[in-house]
Amino acid sequence: MEEPSRPLSFSTLAVHAGEQAPPPGVYPVGTPIYQTSSFYYERSEDLDAVFEGTIPGYVYTRYGNPTTAALERAVAALEGAEGAVAFASGMAAIHAALLALELGPGDTLLASRDLYGMTQALFLNLFAPLGVRVQWVDMGDLSAVRQALEAQRPKVTFLETVSNPLLRVADVAALAELCRPHGTALVVDATFTSPYLCQPLALGARLVVHSATKYLGGHGDVTGGLAVGGAHEVEQLRAVAKLVGGILPPSEAWLTLRGLKTLPLRLQRQCDNALAVARWLAAHPRVERVYYPGLEDHPHYDLARRMFRPGCSGAVVAFDLRAAGAPEVLAFMDRLRLCLPAPTLGDIYSLVLYPARASHRALSPAQRRTVGIGDGLVRLSLGIEDAADIIADLEQALAW
Ligand SMILES: Cc1ncc(COP(=O)(O)O)c(C=O)c1O
């Protein structure tokens, strides 16, 4: 605050006292939280120039904020992208990605059959009524995808790097190759893999989306999303963010940025834990089948080895309890002490979920069986605890 020409009243001081721009030449080591909705300039013409885009700067947090921008730069760097835009959730990022690609009435959206349920609902409940034709395909069946691309000429093709909860891996490079001649924009939800395991843009995707609520934030304390891509796509995304307004607030961006710094440490440990637990479960008499792309019997074992960082196969494991239905699975989950029953994944905590009562609750048992989800299926998202402690917890819960 500039020196006033006369003493200020108490109420004026309450508003203005203490406010100070950072002293020149002093730099915080960590990015501060710019908890402000707008920015001012000493000269009005500078504000005008920032509005005009002729000089860089910030005017209003919905348009951009230094803390959020730091997160966006960090995620773009990790994805090998030209830019990224942060959103208030993964769902907001997916929605914005499709708007940025100008998916609209008369267009076709080709989508993976086993997408996250809420993404399916977004396509069916929001885009379909606007006149978008939503077509589903098994992304593991490349000839079915080729046929669908030829027959449907989709404007956008949408898939996840790894499906939930059966952990099928999509061959992003092969699918991008199929998409290329048809000019369909490939959008990849890489929430389950994060840029630590693979970078879909380098494999041919046009846009990558993340629920930052999962591995990017990683600590179970923030909800957020990111859409990542080339300069043109980022410009379109920014325009959508300005218009629709589902931006990531600076405090949430700061938490996500802090989480991101330990992404490789966390995820390496989580992948190591997942492999150890998957191997242990596979040998347990009460476990009928384990789904984990790091086990040799998984149908996408070779693909995962090719596509993911060496030694990493993801940090989620699913397994069928032998001869179990809802009562046995729920009792097993109640016996767990360390692994928490929470409907998310990617946290530092090991989390357990019963798909039939959570992500796939809306399906009938018959529909669930069609998509391969049995009544005894459990999903486990590995945290960063010691593998021996997680295994001991599972062991005592499986003793009945
Ligand atoms: C693969 C995937 N994509 C997107 C989302 C949505 O993310 P958010 O909950 O941050 O909106 C989720 C949430 O579970 C998810 O698992």
Side-chain angles (χ1 to χ4, degrees), residues 22 27-39 50 56-97 100 161 187-201 205 207-231 233-267 344-348:
Y27 304 99
V29 172
T31 301
I33 305 176
Y34 283 85
Q35 192 67 40
T36 179
S37 54
S38 62
F39 302 83
V50 175
Y58 299 94
V59 289
Y60 191 59
T61 281
R62 178 160 46 79
Y63 296 12
N65 174 286
T67 314
T68 312
L71 170 68
E72 292 168 342
R73 281 195 301 274
V75 173
L78 296 180
E79 287 286 4
E82 287 177 336
V85 178
F87 292 90
S89 67
M91 292 312 301
I94 294 170
H95 179 221
T161 47
V187 181
V188 174
D189 181 335
T191 297
F192 267 59
T193 40
S194 92
Y196 184 63
L197 262 68
C198 69
Q199 296 156 327
L201 294 173
L207 274 179
V208 170
V209 291
H210 285 283
S211 165
T213 316
K214 311 298 188 307
Y215 292 103
L216 301 186
H219 293 71
D221 51 11
V222 63
T223 297
L226 280 116
V228 194
E233 286 75 18
V234 167
E235 201 179 304
Q236 299 280 94
L237 285 162
R238 188 76 64 201
V240 171
K242 275 188 186 178
L243 282 174
V244 181
I247 55 130
L248 189 67
S251 51
E252 310 298 280
W254 184 86
L255 272 175
T256 312
L257 184 62
R258 194 176 67 162
L260 206 59
K261 294 180 191 304
T262 55
L263 175 70
L265 303 175
R266 286 185 280 111
L267 206 50
T344 187
L345 64 117
D347 287 1
I348 47 171

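Bear in mind the structure is a predicted one, so any value in this text is a computation, not a measurement.
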Between [atom1] of [X] and [atom2] of [Y], what distance do you get to the nearest 0.5 Å?
{"X": "Leu237", "Y": "Lys242", "atom1": "CG", "atom2": "NZ", "answer": "13.0 Å"}
{"X": "Arg258", "Y": "Asp221", "atom1": "CZ", "atom2": "CG", "answer": "7.0 Å"}
{"X": "Phe87", "Y": "Ile94", "atom1": "CZ", "atom2": "CD1", "answer": "11.5 Å"}
{"X": "Leu265", "Y": "Tyr196", "atom1": "CG", "atom2": "OH", "answer": "8.0 Å"}
{"X": "Thr161", "Y": "Gln199", "atom1": "OG1", "atom2": "CD", "answer": "12.5 Å"}
{"X": "Leu257", "Y": "Leu216", "atom1": "CG", "atom2": "CG", "answer": "11.0 Å"}

Heavy-atom check, side chain of [X] versus side chain of [Y], under 4.5 Å:
{"X": "Phe192", "Y": "Leu345", "answer": "yes"}
{"X": "Thr256", "Y": "Leu248", "answer": "yes"}
{"X": "Ser194", "Y": "Lys214", "answer": "no"}
{"X": "Thr193", "Y": "Tyr215", "answer": "no"}
{"X": "His219", "Y": "Arg266", "answer": "yes"}

Given Glu233, which partner from the list Val228, Val187, Leu207 fulfils the side-chain contact (heavy atoms from CB on, under 4.5 Å) test?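 By the side-chain contact (heavy atoms from CB on, under 4.5 Å) criterion, Glu233 pairs with just one of Val228, Val187, Leu207: Leu207.
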
For Thr36, does its backbone N or O pair with a side-chain atom of Thr61 as donor and acceptor, under 3.5 Å?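 Confirmed, Thr61 side chain pairs with Thr36 backbone.
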
Under 3.5 Å, is there a donor-acceptor pair between the side chain of Thr67 and the main chain of Pro32?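 Confirmed, Thr67 side chain pairs with Pro32 backbone.
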
Of all the heavy-atom pairs spanning [X] and [Y], show the shortest one and how long it is.
{"X": "Leu201", "Y": "Gly229", "result": "CD1-CA, 4.1 Å"}
{"X": "Gly83", "Y": "Val234", "result": "C-CG2, 3.4 Å"}
{"X": "Thr213", "Y": "Thr223", "result": "OG1-CA, 3.5 Å"}
{"X": "Cys198", "Y": "Glu79", "result": "O-OE1, 4.3 Å"}
{"X": "Ala86", "Y": "Leu71", "result": "CB-CD2, 4.2 Å"}
{"X": "Ser211", "Y": "Thr191", "result": "N-OG1, 2.9 Å"}

Atom CD of Gln35: over 12 foreign heavy atoms under 6.0 Å: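 Yes - once you tally the heavy atoms of other residues, nucleotides and ligands closer than 6.0 Å, there are more than 12.
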
